[in-house]
Amino acid sequence: MPLVPPPPPRAARPPTDAPADVPPSRVLSANQPEWSVGELATALKRTLEDAFGHVRLRGEISGYRGPHGSGHAYFSLKDGQARIDAVVWKGVFGRLRQRPQEGLEVVATGRITTYPGKSSYQIVIESLEPAGLGAWMALLEERKRALAAEGLFAPEHKQPIPFLPRVVGVVTSPTGAVIRDILHRLEDRFPRPVLVWPVRVQGEGAAEEIAAAIRGFNALEPGGPIPRPDVLIVARGGGSIEDLWAFNEECVVRAAFESRIPLISAVGHETDTTLIDYASDRRAPTPTGAAEMAVPVHADLAGQVHDLGGRGAGAILRRFDRDRADLRAAARAIPSADAFLAAKRQRLDLAEARLAPALAAGARGHRQRLQGLLDRLARRSPDVALANARARLARIDHRPGTALRNDMLRKTETLAQLGRRLVMAREATLERARALEARRADRLAATLARLAQAGARAVERRRDRLDALGSLLGSLSYKAVLERGYALVRDEAGTPLRSAAAAVAAPGLTLQFADGTVRARPDEAPEPPRRAPRKAPRKEPQQTSLFEA
């Protein structure tokens, strides 16, 4: 559409009575309206925006240096023939599915407008997406390498899928055929409760919804009002790489990696591969295959259980038969009770026959030992021992008392000697203490006398120094100058004035003399200072040598 400016604000017709000799071009130029710069810029902006509203523009990003400090992004779109400025406002930049990258070929959707400050036009981008399959694949490979370098695809982070989950969580679109295929497959194999988190699986905002659904399932508390799934299925049907791009977004891959619930990815057909397939715990070729991985076949389990039950019952019966045969063999090997007790009875009879002679011999031995003890007691009677003890006590008589008194006298004498030695030691200790105290008192008196003399000398020195400083202060004070007939001139604010010009400019003056202060007001301009005649330089007398005669 051609650029057609709107009607001018001050249109005028050429006059019909123009002279015949005036050229038409001069008549038209004289009657054309005058535009201001702002009016022309506004008209061009309105015309351009009306002619080119929303456009889709394909080009290569150039000059991108990241978001500006304000949050807006500025760059250019170029091809082999031209270049156009582009801007992404701060609010739109955070919602872009594809962030700008230097050198990336993209398809930008936005509005064409002008920027009057530079007399240029630009595109205000509202959405951005890679241009062509090659750009999508290059971007996918670059993102895959970056995430793999962080360890998000490492096999050691994979979790095992539970054999028979109690609850299955599904993240997919609630209106597509995928959820119906998963539900039908679960119903055919092993019916389990299914929690569906509805999300958009393509378009703007789909990646954020998928990541939020995965984190939402993980945020459910076990045993809460909403049961927490034991396995998650993230599913979507087939499509182009642009349709499946939401599952290549970094937020979805990180949410799958951080999931504490084992996750099965079933995005697209078997030939479609997205980044969530590398971060998930297991990849399914189709959504139906994901349902088959999530639960086993009920009939197969029932048959396997029945087979295992029959095998177990047969094993038990065979064990019973083998134990019964072993018991019969053991019973045949055990001897009869009579044969087992015959030897014991014989031993008991022999012991009974030897018991009576052994008891009689034991009684005779004990009797002989008792008789020997009686004989020994008769030879060593207690009465004889008591008589001997009384005789020894009579021979001892008063010797213990005498020995006790002698011992007491010796200990008393020893105690008296110790007392005298303690008294002498105490007197000597007190004498030494009194002599030490006298010496310390003499040293203290001498120290006090020296301190008094040093203090008096220090006070005298500081008094002399204070008098000298007072004399120096009096000689350097301006009051001494005032006493010689000079005056100190200040303005009304109390600031000293150093020139006549400053004194004339002041509204009021204060003259301070040695004996008081006088207020004054200047009434005439100061005379210019006279230049003092230059004096001839004084010739310094030359110093004669001390050795000259």
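No side-chain heavy atom of Leu232 sits less than 4.5 Å from a side-chain heavy atom of Ile264. Residues Arg228 and Glu221 have side chains not in contact (no heavy-atom distance under 4.5 Å, counting atoms from C-beta outward). Considering only heavy atoms from C-beta on, Glu427 stays 4.5 Å or farther from Arg432 through its side chain. With a 4.5 Å cut-off on side-chain heavy atoms, Leu104 and Tyr64 do not count as touching. Proximity of Leu195 to Val168: side-chain heavy atoms (C-beta onward) are nowhere separated by under 4.5 Å. Looking only at side-chain heavy atoms (C-beta outward), Val171 and Ile233 stay at 4.5 Å or farther from each other. Counting heavy atoms from C-beta outward, Leu152 and Val253 have side chains that approach closer than 4.5 Å. Residues Met293 and Ile161 fail the side-chain proximity criterion, which asks for heavy atoms closer than 4.5 Å.
Environment of NZ in Lys90: sparse, with no more than 12 heavy atoms of neighbouring residues, nucleotides or ligands closer than 6.0 Å. Counted within 6.0 Å of CD on Gln417, heavy atoms from surrounding residues, nucleotides or ligands total more than 12; the atom is thus considered enclosed. More than 12 heavy atoms of other residues, nucleotides or ligands sit less than 6.0 Å from atom CZ of Arg215. A 6.0 Å sphere centred on CD of Glu352 holds no more than 12 heavy atoms belonging to other residues, nucleotides or ligands. Within a 6.0 Å sphere centred on CD of Glu150, other residues, nucleotides and ligands contribute more than 12 heavy atoms. Within a 6.0 Å radius of CD1 in Ile226, other residues, nucleotides and ligands contribute 12 heavy atoms or fewer. For Arg311, the CZ atom sits in a loose shell: 12 or fewer heavy atoms of surrounding residues, nucleotides or ligands are nearer than 6.0 Å.
At distances below 3.5 Å, at least one donor-acceptor pair connects side-chain atoms of Thr172 with backbone N or O atoms of Ala235. Within the 3.5 Å criterion, the main-chain N or O of Gly91 finds a donor-acceptor partner in the side chain of Arg95. A donor-acceptor pair under 3.5 Å is formed between the side chain of Asn406 and the backbone N or O of Thr402. Checking side-chain atoms of Ser280 against main-chain N and O of Asp277 turns up a donor-acceptor pair under 3.5 Å. The closest donor-acceptor contact from the side chain of Thr447 to the backbone of Arg443 lies under 3.5 Å. Asp281 places a side-chain N or O within donor-acceptor distance of the main-chain N or O of Leu263, the cut-off being under 3.5 Å.
For the side chain to side chain contact (heavy atoms under 4.5 Å, CB included) test with Pro229, the passing option among Asn218, Leu220, Val194 is Leu220; the others fail.
Salt bridge absent: Arg322 and Asp326 never bring a charged side-chain N and a carboxylate O closer than 4.0 Å. Electrostatic pairing of Asp467 and Arg463 does not count as a salt bridge here, judged by no charged N lying under 4.0 Å from a carboxylate O. Between Arg461 and Asp464, no side-chain nitrogen of the basic residue sits less than 4.0 Å from a carboxylate oxygen of the acidic one, so the salt-bridge criterion is not met. Taking a cutoff of 4.0 Å between a charged side-chain nitrogen and a carboxylate oxygen, Arg434 and Glu431 qualify as a salt bridge. Between Arg254 and Glu249 no salt bridge is recorded (no basic side-chain N to carboxylate O distance below 4.0 Å). Glu292 has a carboxylate O that lies under 4.0 Å from a charged side-chain N of Arg185, or vice versa, which qualifies the two as a salt bridge. The pair Arg318-Asp321 does not count as a salt bridge, with every side-chain nitrogen at least 4.0 angstrom from each carboxylate oxygen.
Checked against the 6.0 Å centroid threshold, His72 and Phe93 do not count as a close aromatic pair.
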After noting the C-alpha distance and the side-chain angles of Leu147 and Phe153, does the key distance pass the side chain to side chain contact (heavy atoms under 4.5 Å, CB included) rule?
CA-CA 7 Å; Leu147 296 177; Phe153 305 152; 3.8 Å; yes

Run the numbers on Arg200 and Glu208 for salt bridge (Lys or Arg N to Asp or Glu O under 4.0 Å), then give the verdict.
CA-CA 9 Å; Arg200 288 180 292 177; Glu208 289 75 9; over 6 Å; no

Working for salt bridge (Lys or Arg N to Asp or Glu O under 4.0 Å), residues Asp442 and Arg439:
CA-CA 5 Å; Asp442 294 341; Arg439 287 196 300 271; over 6 Å; no

Go through it in stages, so that I can follow the logic: the residues are Arg490 and Thr495, the test is side chain to side chain contact (heavy atoms under 4.5 Å, CB included), and I'd like the CA-CA distance, side-chain angles, deciding distance and then a yes or no.
CA-CA 5 Å; Arg490 291 189 177 94; Thr495 305; over 6 Å; no

Working note: Leu373 + Arg369, criterion side chain to side chain contact (heavy atoms under 4.5 Å, CB included); need CA distance, chi angles, decisive distance, verdict.
CA-CA 6 Å; Leu373 291 175; Arg369 284 196 298 272; 5.7 Å; no

Side chain to side chain contact (heavy atoms under 4.5 Å, CB included) for Gln101 and Leu139? Distances and angles first, verdict last.
CA-CA 10 Å; Gln101 296 182 13; Leu139 181 61; 3.6 Å; yes

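Residues Asn248 and Thr274 bring no donor and acceptor atom of their side chains to less than 3.5 Å of each other.
Ring geometry for His68 versus Tyr74: interplanar angle over 60°, hence perpendicular rather than tilted (30 to 60°).
If you take CG on Leu244 and CG on Asp272, they are separated by 5.5 Å, rounding to the nearest 0.5 Å. Rounding to the nearest 0.5 angstrom, the gap separating the CD1 atom in Ile210 from the CZ atom in Arg236 is 9.0 Å. Between the CG atom in Leu418 and the CZ atom in Arg420 there is a gap of 9.0 Å [rounded to 0.5 Å]. To the nearest 0.5 Å, atoms CZ (Arg192) and CG (Asp230) are separated by 9.0 Å.
Across every non-hydrogen atom of Val252 and Ala207, the tightest pair is CG2-O, 3.3 Å.
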